[in-house]
Amino acid sequence: MTIIIESTLRYAMPLIIAALGGMFSELSGVVNIALEGIMLLGSFTAVAVAYLTGNTYLGVLAAMVGGVALASIHAVVSIRYKANQVVSGTAINILASGVTTMLARGLWAEGGSPPIQRIPDLTWPFRITPFVPLAFLLVALCHWFVYYTPMGLRLRAVGEHPKAADTAGISVERMRYFGVLMSGVLAGLAGAGLSVGLLSGFEEGMTNGRGFIALAALIFGKWTPVGACLAALLFGAATASQTFMQALGIQIPAQFLLMAPYILTMLALAGVVGRSTPPASVGIPYEKGAS
Amino acid sequence: MTGTVETRDPSRSQDQGRPQGRNRLRALLIEALVPIIAVVVALLIGLIFIAITGRDPAKAAEALWVANFGSRRAIGEALVSVTPLIFTGLSVAFAFRAGLFNIGGEGQYIVAQLAAAVAGYAITGLPGWLHVTVAILAGALAGGLWGAIPGLLKAYRGVHEVVNTIMMNYIALYLANYLIANYLKAPGALPVTPEILPTARLAQILPPSRLHTGLFLALGAAVLVYLLLWHTRWGYEIRAVGHNPRAAEYAGIDVPRNLALAMLISGALAGLAGTVQVLGVQRAFYDPVGGFVGYGFDGIAVALLGRNHPAGVVLAALLFGILDRAAPTMQAMAQVPKATIWVVQATVILLVAADQIIRSLFKRRREVAAR
């Protein structure tokens with residue numbers, strides 16, 4: 001039982017952190033399907049900096065900086081230049097695959113990095129990477145921030161009704177920059193959690209769709225920190241239970257368990273499993289003064 | 001029941017008011033210059049990346065030439081990689097015109113490949129022309145259905161298609177893994193279906209290259225999409241829905257129906273990309289164990305660069321096909337990783353999407369001239 005809880009937590013951790021990142025961006029009204037790419041860059045940066053400096057903690061810090069750098073492209077292109085946010089996100093995902101692969105090949109031989117020093121596991125209450133309690137701490141912090149601070153209220157206001165927020169003297173642009181850059185910090189951190197928390201090295205394309213599952217968790221969790229966290233845990237449990245079920249002789253094909261998060265998210269969006277409604281103005285660039 | 005059918009126009013910069021006379025000519029010129037400048041800048045960035053990582057840009061350029069134009073075979077192979085991109089580009093462009101964003105090309109590609117492969121090896125006793133037609137239709141239908149699901153959810157439940165098409169990509173991937181692992185695998189070690197029968201193959205047209213008649217299908221599809229969108233009543237309705245769904249609704253157009261149909265067609269077009277790959281090149285369905293092949297995502301770049309117009313799509317597919325085709329040769333000759341191509345692609349997409357960046361260059365110059 002401990003094993004299944006532990007492996008659920010391990011699968012869920014990067015999803016939770018990245019989903020929180022996505023939440024900041026989407027609450028502010030900017031669609032962020034670039035989570036996948038930002039995570040990937042975070043994974044790479046953490047390992048690269050840890051490899052070059054010998055300090056993994058510095059790597060984690062760098063992952064967040066890298067995440068912000070990539071997210072800032074998304075921010076400028078979609079907020080300043082009002083480009084289509086989905087298009088921009090798609091481009092950033094492609095860019096991240098390209099840049100990480102090129103730089104990885106520049107640093108190491110084909111494929112990936114040599115094993116590097118991981119962030120050491122906690123030993124109490126059980127052996128697990130410190131990223132797991134960190135993820136839960138972040139959920140609590142984000143919940144407090146979004147629902148109990150003026151800044152959080154402003155963030156939501158800009159995503160729900162930018163014009164009203166603008167009239168009330170809130171800078172829509174600035175709040176949206178904040179939202180997108182925060183998604184860079186957190187998705188970068190999620191990538192580091194993957195490459196130097198759970199694993200100990202970088203491999204090309206190692207996020208392998210986790211950014212999109214995080215997006216699914218965010219949606220399934222109805223764009224709330226606690227909801228996204230629970231959804232990520234559910235998705236993690238679905239993945240973790242593969243091995244468990246096989247051991248028990250229950251015949252659910254692994255592929256169906258892997259599909260489950262995506263099907264559940266579609267059902268949630270369609271209103272079959274509790275309706276999931278996005279922030280009202282997500283995806284629409286704000287034109288000051290336009291009707 | 002209808003839900004909120006609210007569509008954001010993904011091709012926002014497309015249909016801004018058309019100025020008249022000389023201004024119109026100028027606007028058209030800028031319209032054409034945006035993609036060209038985007039490509040040039042992106043290629044320069046690619047070259048800089050190549051130089052930074054210590055490779056020889058001249059050698060990379062030579063590899064690009066050799067891979068695509070070095071011989072009769074090279075030219076044929078270049079067109080082989082252009083063909084699926086025309087289809088996925090048309091797929092994205094068609095959806096764009098209806099105000100929809102289909103990023104489910106990868107999933108539609110996969111299910112279509114499965115369907116075409118199964119139709120290609122499991123149906124026996126048909127004459128060649130009929131068998132290949134059936135296999136093509138099977139692929140198009142599978143892709144179309146995979147696209148229609150998010151289309152219907154958008155049309156009748158108001159669910160944004162972007163998330164659903166992403167979800168359907170992964171569902172298709174795991175479904176293919178499952179079917180190959182359990183039902184469709186040919187005897188042997190490889191995760192692949194049995195080979196399609198010779199009657200289901202698309203004929204080769206430029207041996208020794210693998211170029212096949214799928215290229216004509218792709219060009220034919222581009223013409224059809226053009227005629228459908230600009231010379232039929234239905235196409236007018238679809239563009240009206242894409243331009244302004246609310247106005248279209250007031251004009252008596254059945255908006256949900258058009259949204260669902262547009263996704264069906266878009267899915268079928270992406271499906272045809274997979275279909276011609278199976279029937280013309282691969283001759284079987286290979287389980288995508290390593291994840292997505294990328295033609296679906298490339299289609300987004302192709303459509304954007306081609307300004308969502310069939311003719312533009314064909315030209316953009318030519319460019320990206322040539323780059324794709326060059327990647328392995330550049331790797332072999334100049335040790336330039338394939339990833340360079342991705343950086344170039346991403347830059348093109350960003351610059352075309354944020355076309356205000358390039359447009360502002362012209363604006364500034366005009367202001368200076370006016371002074």
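Residue numbering restarts at 1 for every chain, and letters A, B, ... go by the order of the sequence lines. In this text, all values refer to a predicted model and were calculated from it rather than measured experimentally.
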Identify the two heavy atoms, one from [X] and one from [Y], that lie closest to each other, and give their separation to 0.1 Å.
X: A:Met259; Y: B:Leu175; result: CE-N, 3.4 Å
X: A:Tyr81; Y: B:Ala354; result: CB-CB, 3.8 Å
X: B:Met167; Y: A:Tyr262; result: SD-CD2, 3.5 Å
X: A:Met102; Y: B:Val343; result: SD-CG2, 3.8 Å
X: A:Ser97; Y: B:Ala339; result: O-CB, 4.5 Å
X: A:Ala91; Y: B:Ala346; result: O-CB, 3.2 Å

Below 4.5 Å from any heavy atom of chain A, which atoms of [X] appear? Answer side chain, backbone, both or neither.
X: B:Ile103; answer: side chain
X: B:Ala301; answer: neither
X: B:Val163; answer: side chain
X: B:Leu350; answer: both
X: B:Ile149; answer: side chain
X: B:Phe49; answer: both
X: B:Ile166; answer: side chain
X: B:Leu153; answer: side chain

Under the side chain to side chain contact (heavy atoms under 4.5 Å, CB included) criterion, do A:Arg105 and B:Lys338 qualify, and how do the steps go? CA-CA 11 Å; A:Arg105 298 223 174 144; B:Lys338 180 177 164 48; 5.9 Å; no
Separation between [atom1] of [X] and [atom2] of [Y], rounded to the nearest 0.5 Å:
X: A:Leu257; Y: B:Tyr174; atom1: CG; atom2: OH; answer: 11.0 Å
X: B:Ile171; Y: A:Gln255; atom1: CD1; atom2: CD; answer: 13.5 Å
X: A:Leu95; Y: B:Ile349; atom1: CG; atom2: CD1; answer: 9.5 Å
X: A:Ile33; Y: B:Phe101; atom1: CD1; atom2: CZ; answer: 6.5 Å
X: A:Met266; Y: B:Asn164; atom1: CE; atom2: CG; answer: 4.0 Å

Taking side chain as everything from C-beta outward and backbone as N, CA, C, O, which of these in [X] sits under 4.5 Å from a heavy atom of chain B? Side chain, backbone, both or neither.
X: A:Thr90; value: side chain
X: A:Leu258; value: both
X: A:Ile213; value: neither
X: A:Ile263; value: both

Taking every heavy-atom pair that is under 4.5 Å apart, which of A:Val86, A:Thr101, A:Val76, A:Thr265 has the most such pairs with chain B? A:Val86
Residue selection (most heavy-atom pairs with chain A, distance under 4.5 Å) from B:Val336, B:Val162, B:Thr340, B:Asn177: B:Thr340
Evaluation steps, side chain to side chain contact (heavy atoms under 4.5 Å, CB included), between B:Phe96 and A:Val87: CA-CA 11 Å; B:Phe96 262 140; A:Val87 172; 4.3 Å; yes
Where does the angle between the aromatic ring planes of B:Tyr170 and A:Phe212 fall among parallel (under 30°), tilted (30 to 60°) and perpendicular (over 60°)?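 Judged by the thresholds at 30° and 60°, the geometry between B:Tyr170 and A:Phe212 is tilted.
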